[in-house]
Protein chains: 2
Amino acid sequence: MLTYNFEIIKGPVYEYLYQCIKNDILSGNLKPGEKLPSKRAFARNNGISTITIQNAYDQLASEGYIYTVERKGYFVSSLNILHEKKTVSRHVSISEEPQYKYDFSYNKMNTENFPFSIWARLTRKVLSEKKDDLMKISPTGGLLELREAIAMHLQSFRGMTVDPNQIIVGSGTEYLYGVLVQLLGRDKSYAIENPGYKKLIDIYGQYDVSLKYISLNQEGVDMESLQNSHAQIAHISPNHHFPTGIITSVSRRYQLLSWANEEDGRYILEDDYDSEFRYNGKPLPTLFSMDGCEKVIYMNTFSKSLTPTIRISYMVLPSHLANKMYKEYSFKSCTVSNFEQCILAEFISQGYFEKHINRMRLYYIRKRKEVMNCLSDSSIKDDCEIIESNAGLHFMLSLNTLVSDKEMKERLAEKGIKINTLSDYYMTKKQVRQHLFIMDYSNIQMDKLSEAFDIMYQCIQP
Amino acid sequence: MLTYNFEIIKGPVYEYLYQCIKNDILSGNLKPGEKLPSKRAFARNNGISTITIQNAYDQLASEGYIYTVERKGYFVSSLNILHEKKTVSRHVSISEEPQYKYDFSYNKMNTENFPFSIWARLTRKVLSEKKDDLMKISPTGGLLELREAIAMHLQSFRGMTVDPNQIIVGSGTEYLYGVLVQLLGRDKSYAIENPGYKKLIDIYGQYDVSLKYISLNQEGVDMESLQNSHAQIAHISPNHHFPTGIITSVSRRYQLLSWANEEDGRYILEDDYDSEFRYNGKPLPTLFSMDGCEKVIYMNTFSKSLTPTIRISYMVLPSHLANKMYKEYSFKSCTVSNFEQCILAEFISQGYFEKHINRMRLYYIRKRKEVMNCLSDSSIKDDCEIIESNAGLHFMLSLNTLVSDKEMKERLAEKGIKINTLSDYYMTKKQVRQHLFIMDYSNIQMDKLSEAFDIMYQCIQP
């Protein structure tokens, strides 16, 4: 008969009993097939109630340690304990980016620029007034309320007329690229700009799609390069190419639309990632709004305009693709939380987004000007040329130096400056232009800037 | 010489001029190659400043409508307007789920159960105290703060010891399944339980992986079926199978671990989706914590425990897979907003999550009891049997009827009842068990319940 010491226990008695028997089974004191004492005898023997024993036996049975045979009682299961726990090194290392004193490579929203107080107010409102919406599963494309707000914004800001049902909201453009690859097909060939946003190689790479690189000229994507690539999907940023700042001309836009219409299955993915930050004149009309043949997929994000850490992007699909999305992929849940969808919808529809963009635009224009002024006062001024596109949160700086980009970056890193060069953005090693530095000033403190330029000046010497 | 009426304009003069010239180009009044008037002559002629004209010309040039030839002036570009805008039907239809009076199929958090006031308080705190964290890009796996809180929760709630760096946070389990397929390989063969969570067919289907179905018996996954499937990855829910409620026995657990260790490249994906809601005794130890050989990937979600609309799930990777993730996929941004990561981290680490789970568990136990009571008072009581597993937010009801499941569902739908049957969860049409109804009572109002049972009683008559 099993006997355990019931005087020392703290928690529920049945749990203690369960643990004791389990240990005896695991250690082999109780052998497979061995019969456990009857509840009544066990209870009498140990001075505890039969209900306690029933509970412990039930728990053991539900976990499979013991089994019951009708009218015979409980028996120990045969456990195939086939391996002892080995000690496996569980060390996981996440390499952290080194911190730089001056970081021209990093796009981050400064805390003083994010509209925290309005956001807090809208959150409070949403949490108290929209409880029901917050708990209702949103459709694949996102909450109608947010899609309507985005449609309204696109109308007033980009002159685009879209049905809210064409809009698909997702947690970041990377995620949406993946959805698009599913929608358009992994058998298609995708073309990206060279130089361009290099992360796209990784992003498309994970779906094993055929990837082509297309070169650029002053008017935008080089049409011959695009034709020769035999790609079906052209992923481009016609409104402000990253990082060169090239703006695709109107005639090139029509050539692109013409290209898309030459063959079935061709599409243009128009990445309009920083359209909010064009400083002079009216923003260009989007390819999407010039398109009359359902060949353009428009994509934009709140990463640049609000903060990258909020993970909300969207795409506008031609209606036949939107219908396909809802027909074939409606099982996909929207990846953005209802909470933030509701808050953002309020933020846009109450006009705060427009105000925020205007404020940020002025802020960046002022900052850009200060950077330029600081540059023209610096020792490096005679050895550099600014390549301007009047848009975005960066410009290119051409440095008069014989030092290679690689060497230059190492020298700068040693002195605490992180900066990318145009050569970093080439997909291939052919015809790489050197000595062009991408100055993202969104994350630079002004009081450190002249020091940074002084360091750059020291580093360009051979 | 171009002349435009400058008296009627409202906005900036340059913009008006830009629009006029653009219209003339697009309409063909200005022909490709035609020279535009010199700035000086144009200014004199129209009584406006040369700067205004410069601005308009710059804008037109930047958009490609005109081009400049050094020392010669501005010329109209040749636009390849190859197609007129066709009218394309832009109608996108999103089919909406019909509304039911009694919905036993839908898992939704009731607004009175979500901890709105605590959530609002923590949001306020995070927005005022964590501004810097909110703006900092989080690593691929999510904010350390949240991963630490989850690790702590797993330790105290599931007895699992995990390094926070093994945890990958993502916007929903569906998204994480996709990450896993990338990590483990699309060339692998995946096995899912049959019957089981049918959406997995769609989810795995989109990655074109080979998918096998494995049958179950009372102890859990049928080992012979798993062996015969030749699958490498077994995606299972050992702690509470959906929808049958089967709990995998300890000996079967060891058999599963043994299976995983028989060949390189085999893994078990342990889906622990509703572990928080086991009502009797201690929750079973997870396969992950029984595993000593890095063969188990653990996955859980806040969908059941908080609300499906918050879109936060996580997986715990064996360390070698976590290292692979950070080595090969660190370009992937975490898909959950920092804002909600921070709030959830506070919610867990301040103990609110545990309190919430306890409160919800009591709520569901009470509701379950009420449902059972209502059932035993109803006219259907003698024609049904409850199949209980003491866990989750649903149970199975076996109905004594000759009416087929399909017919039964149609009859019920007509009277406003939506309910799923076990037969809905079979992946194949072989050996489908009929007359078993899945009663998810999380979304049912108690005062309507007896009426629903009456209707069911009417419907089971031949």
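Lettering of chains follows the sequences in order, A, B, ..., and the numbering in each one begins at 1.
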Just verifying a value: how many Å separate [X] [atom1] and [Y] [atom2], rounded to the nearest 0.5 Å?
X        : Y        : atom1 : atom2 : answer
A:Ser249 : B:Tyr65  : OG    : OH    : 10.0 Å
B:Ser337 : A:Arg311 : OG    : CZ    : 9.5 Å
A:Gln182 : B:Asp208 : CD    : CG    : 9.0 Å
B:Tyr67  : A:Ser251 : OH    : OG    : 10.5 Å
B:Lys198 : A:Phe331 : NZ    : CZ    : 14.0 Å

Interchain contact, [X] with chain A, by part (heavy-atom threshold 4.5 Å):
X        : result
B:Thr307 : side chain
B:Arg186 : side chain
B:Gln206 : both

Practice prompt. Please name all residues satisfying ring pair (Phe, Tyr, Trp, His ring centres under 6.0 Å) with B:Tyr326, sequence neighbours left out, ordered by chain then number.
Written response: none
Item to complete: Report yes if the distance between the aromatic ring centroids of B:Tyr207 and A:Tyr207 is under 6.0 Å, otherwise no.
Response: no
Worksheet entry | More than 12 heavy atoms from other groups under 6.0 Å of CD on A:Glu328 | yes
Worksheet, complete the sentence: Under 4.5 Å to a heavy atom of chain B? For A:Thr123 that would be side chain
Looking at chain B, which one of [options] has the largest number of heavy-atom pairs inside 4.5 Å, strictly under?
options                                : result
A:Ile203, A:Thr111, A:Val126           : A:Thr111
A:Ile310, A:Asp202, A:Ile247           : A:Asp202
A:Glu340, A:Arg124, A:Lys199, A:Arg253 : A:Glu340

Worksheet item: Do B:Lys131's NZ or CZ and the ring of A:Phe116 fall within the cation-pi criteria of under 6.0 Å and 45°?
Response: yes
Item to complete: Determine yes or no for a side-chain-to-main-chain donor-acceptor pair under 3.5 angstrom, with B:Gln166 supplying the side chain and A:Val92 the backbone.
Response: no
Show me the donor-acceptor pairs within less than 3.5 Å that the side chains of residues 133-144 of chain A make with the rest of the protein, sequence neighbours left out.
| unit_1 | atom_1 | unit_2 | atom_2 | d |
| --- | --- | --- | --- | --- |
| A:Thr140 | OG1 | A:Ser330 | O | 3.1 |
| A:Thr140 | OG1 | A:Lys332 | O | 3.0 |

Worksheet item: Within a strict 4.5 Å, meaning less than it, do heavy atoms of the B:Trp119 and A:Phe339 side chains meet?
Response: yes
